[in-house]
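These figures come from a predicted structure and were not determined experimentally.
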Amino acid sequence: QVQLVESGGGLVQAGGSLRLSCAASGRTFSKYAMGWFRQAPGKEREFVVAISGSGGSTLYADSVKGRFTISRDNAKNTVYLQMNSLKPGDTAVYYCAAYTRNYYSDPPDYWGQGTQVTVSS
């Protein structure tokens, strides 16, 4: 069982930056690939980015490539999402997720409670 707690959301102007953090419980954090998803009002939850357990591989949605960067610190059981050049279209609740299987093909198994990101124009 993994518990995930996100932080770092807030209100930012277009073009600004935010860094989200997700702290995970447990002593096997490095065994889990981790990801970020988001859900805007009236829309389905969508994949944003994922990172392998070692941090050596990543997968980004086209909509955030070149603007968002995922990283992890396995010693701190934490995964980060650095978001730059934010757009109003990035406004959503952002969820941290943990995978026990292949993040390329399988859905996550654990979810955080979400953190709100609002980008004003």
My understanding is that only one of F37, W36, Y94 makes a ring-ring contact (aromatic ring centres under 6.0 Å, His included) with W111; could you say which?
F37

Measuring from atom CD of E6 to atom OG1 of T115, what distance do you get when rounded to the nearest 0.5 angstrom?
6.5 Å

Heavy-atom donor-acceptor pair, D90 side chain to V119 backbone, under 3.5 Å:
no

For residues N84 and F68, determine if any side-chain heavy atom of one lies less than 4.5 Å from a side-chain heavy atom of the other.
no

Are Y80 and V2 linked, directly or through other ILVMFWY residues, by side chains that come within less than 4.5 angstrom of each other?
no

Rounded distance (nearest 0.5 Å) linking atom CD of Q13 with atom OG of S120:
5.0 Å

A side-chain contact here means heavy atoms from C-beta on lying under 4.5 Å apart; do L20 and M83 qualify?
yes

Linking I/L/V/M/F/W/Y whenever any side-chain heavy atoms sit under 4.5 Å apart, do L18 and V79 land together?
yes

Between D109 and T100: side-chain donor-acceptor atoms closer than 3.5 Å
yes

Identify whether Y60 and V117 are in the same connected component of the hydrophobic contact network (ILVMFWY, side-chain heavy atoms under 4.5 Å).
yes

Nearest 0.5 angstrom please: S71 OG to Q82 CD, how far?
8.0 Å

Short N-O contact, D62 and K65, less than 4.0 angstrom:
yes

Is a side-chain donor or acceptor of Q3 paired with a backbone partner of S25 at a separation under 3.5 angstrom?
no

I need the S21 OG to R72 CZ distance, nearest 0.5 Å.
13.5 Å

Report yes if the side chains of M34 and L4 come closer than 4.5 Å at any heavy-atom pair, otherwise no.
yes

Check: S30 side chain, T28 main-chain N or O, donor-acceptor pair, under 3.5 Å
no

Does Y103 share a hydrophobic cluster with L81, counting links as ILVMFWY side-chain heavy atoms below 4.5 Å and allowing steps through other members?
no

Show which side-chain atoms of residues 44-52 pair as donor or acceptor with protein atoms under 3.5 Å away, not counting sequence neighbours.
from : atom 1 : to  : atom 2 : distance (Å)
E46  : OE2    : R38 : NE     : 2.6
E46  : OE2    : R38 : NH2    : 3.2
S52  : OG     : G55 : N      : 3.4
S52  : OG     : G56 : N      : 3.2
S52  : OG     : S57 : N      : 3.1

Quick one: does R101's side chain get under 4.5 Å of P107's, heavy atoms only?
yes

